[in-house]
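Every value quoted in this text rests on a predicted model; they were computed, and no experiment measured them. Each chain gets a letter, A, B and so on, in the order its sequence line appears, and its residues count up from 1.
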Amino acid sequence: MADTIGIWVAALLTLFIFSFLYKDNPLYKMAEHLFIGVSAGYWVSYLYQNVFKPNLYNPLFHQGKLLLIIPLILGLMMVMRLFPKIGWISRWSIAFIVGITSGYYLITYLQTNAVDQVRASLLNFSQINNIILVVGVLSGLIYFFFSAEHRGVLGGTAKLGIWFLMVAFGASFGYTVMARISLLIGRMQFLLGDWLGLLH
Amino acid sequence: MRRQIPLAITLVVGLVMVVQYFVPHKPVGNLYDLFNTWAIVIFAFAIVLGVGNLIKIHGDRIYRLERGWGYSVLLLLGLTVMIITGIGWGIEPGTSFFYLYWHLYVPMSSTMFALLAFFIASASYRAFRARNFEAFLLLISAVLVMLGRVPMGKALWGQFPVIADWIMKVPNTAGQRAIMIGIALGVVSTSLRIILGIERAHLGGE
């Protein structure tokens, strides 16, 4: 019984959201607002059970790890952002988060996105594909080099870089389209199969 | 004081994160673990801040009976019910929270993204009008990748999957790699500017 009600509610909400294809309407707005509320509630509950409880509440109040008072205070300081008069207090916690993210990304991006990618591009030129790949990487990088005007040889190479980038964007776009279409097929299967029972 | 302490915090924490990569032993390694645990908790508070802001905005809307306040009631109702069930009785399968997650969150979330399939179709039309060579490359690459990845493409011509694989492995990898290296250089320079206090936008005005 509960499952049947659940499927009906899910089906109606699915139709409410699809009604936006006709035009913006109260049913869509209802589903949209409910979605935002439910999503936010989902994340709060998820964080409470998976972050606050095992990383803060239990160690601090049950295991006596008093040092955790510091992130608790910094976290509460961040929430002070909601009150404009004392909002500046949140800077300390924001500074901590920004510092930790900057330090972490500085190393990981340098390692995985720069050094490792350059290393992977150091290929021998015995295969035509390797030549195309290396030329593509170099010309793409030259396109991102803005310290000199893109003229002459530099301009021509940058143009070649754009072509490689356009192929990459096209491939990504193709994948995005397919992902969205597969989600649409999933919703249609739900409506026609789980809800109406027309698919077997 | 309002600026110096946050700048000092960013410098110390940022340096510890960088140094621990080269010196993963005590005491830097321990500091790294400690800061990571703290960061997980503080990051979670950022979500609390976002939800608090949501409550504030929609609470105000209801209080002032602004146009569309009924939708705000629905939003806060969904939020409250999810929080009470999730914190009160857990989030495991079989709980009331999981029931709501499965019958409200999952269908609405996937429908919202499925809706984009229609809008992406019109965006494709605009993007794929081959007005110049670059647009033609975008068009041909997307079409070949799509045809190579669906059964219909293989049924039409057996070489479509081979071509799609080649596009993904060679020119796509080259383009993505150039983007990744470019982003990495940007992230490294911006991170350095932030850690050294040259970039201060995150601290706001005043």
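Contact tally against chain A (heavy-atom pairs below 4.5 Å) for B:Leu115, B:Ile40, B:Val51: the top residue is B:Leu115. Of the residues considered (A:Trp43, A:Tyr48, A:Trp8, A:Phe96), A:Phe96 shows the highest number of contacts with chain B, using heavy-atom pairs under 4.5 Å. Across B:Lys56, B:Arg149, B:Lys169, the residue that shares the most heavy-atom pairs under 4.5 angstrom with chain A is B:Arg149. Per-residue heavy-atom pair counts under 4.5 Å with chain A were compared for B:Thr10, B:Asn172, B:Leu75, and the maximum is reached by B:Leu75. Ranked by heavy-atom pairs under 4.5 Å with chain A, the list B:Ala184, B:Ser189, B:Gly68, B:Gly90 is led by B:Ala184. Counting heavy-atom pairs under 4.5 Å between each of B:Gly70, B:Ala8, B:Gly52 and chain A puts B:Gly52 at the top. Most heavy-atom pairs under 4.5 Å with chain A, from the set B:Tyr71, B:Tyr99, B:Phe133: that is B:Tyr71. Looking only at heavy-atom pairs under 4.5 Å with chain B, the residue among A:Gly161, A:Pro59, A:Ser39 that has the most is A:Ser39.
Neither the backbone nor the side chain of A:Ile185 comes within less than 4.5 Å of any heavy atom of chain B. With a 4.5 angstrom heavy-atom cutoff, B:Ala164 does not touch chain A via any of its atoms. Interface remark: B:Ser109 contributes backbone and side-chain atoms alike to the contact with chain A (heavy atom separation under 4.5 Å). In this structure, the portions of B:Phe43 lying under 4.5 Å from any heavy atom of chain A include both its backbone and its side chain. If you measure heavy-atom distances from A:Phe144 to chain B, the contacts under 4.5 Å come from the side chain alone. Contacts of A:Ile162 with chain B are made by side-chain atoms alone, with heavy-atom separations under 4.5 Å and no backbone atom involved. Heavy atoms closer than 4.5 Å to chain A are found in both the backbone and the side chain of B:Ile181. B:Val48 touches chain A through its side chain: at least one heavy atom from C-beta onward sits under 4.5 Å away, while N, CA, C and O do not. For A:Ile70, the part sitting under 4.5 Å from any heavy atom of chain B is the side chain, from C-beta outward, and nothing else. Within the 4.5 angstrom heavy-atom criterion, only side-chain atoms of B:Leu54, from C-beta onward, approach chain A. Only the side chain of A:Ile107 comes within contact range of chain B, with at least one heavy atom under 4.5 Å from a heavy atom of that chain. Interface residue A:Ser121: backbone and side-chain heavy atoms are both found under 4.5 Å from chain B. Heavy-atom distances place no part of A:Ile89 under 4.5 Å from chain B, backbone and side chain included. Within the 4.5 angstrom heavy-atom criterion, atoms from both the backbone and the side chain of A:Tyr46 approach chain B. Neither the backbone nor the side chain of B:Leu76 comes within contact range of chain A, judged by heavy atoms closer than 4.5 Å. Residue A:Val38 touches chain B through both its backbone and its side chain, counting heavy-atom pairs closer than 4.5 Å. Heavy atoms closer than 4.5 Å to chain A are found in both the backbone and the side chain of B:Phe113.
In this view, A:Asn58 and A:Lys53, A:His62 satisfy the side chain to side chain contact (heavy atoms under 4.5 Å, CB included) rule, not counting sequence neighbours.
Classified by interplanar angle (parallel below 30°, tilted 30° to 60°, perpendicular above 60°), the ring pair A:Phe52/B:Phe45 is perpendicular. Between B:Tyr101 and A:Tyr42, the angle of the ring planes stays under 30°, which puts this pair in the parallel group of the 30/60° scheme. The aromatic rings of B:His58 and A:His33 lie perpendicular to each other, with more than 60° between the two planes, well past the 30° mark.
When every heavy atom of A:Met78 is checked against every heavy atom of B:Leu49, the shortest pair comes out as O-CD1, 3.7 Å. Contact between B:Ile83 and A:Gly41 at its shortest, heavy atoms only, is CG1-CA, 3.9 Å.
When each of A:Leu141, A:Asn113, A:Val137, A:Leu165 is tested with B:Ile179 by the rule side-chain contact (heavy atoms from CB on, under 4.5 Å), just one qualifies, namely A:Leu165. For the pairing with B:Ser110, the side-chain contact (heavy atoms from CB on, under 4.5 Å) check across A:Leu184, A:Thr14, A:Leu183 returns one residue only, A:Leu183.
Surrounding CZ of A:Arg180 are more than 12 heavy atoms belonging to other residues, nucleotides or ligands, all under 6.0 Å away.
Counting only heavy atoms from C-beta outward, the side chains of B:Ile42 and A:Ile100 never approach each other to under 4.5 Å.
Residues of residues 13-20 of chain B having a heavy atom under 4.5 Å from any heavy atom of chain A, listed by number: B:Val13, B:Gly14, B:Met17, B:Val18.
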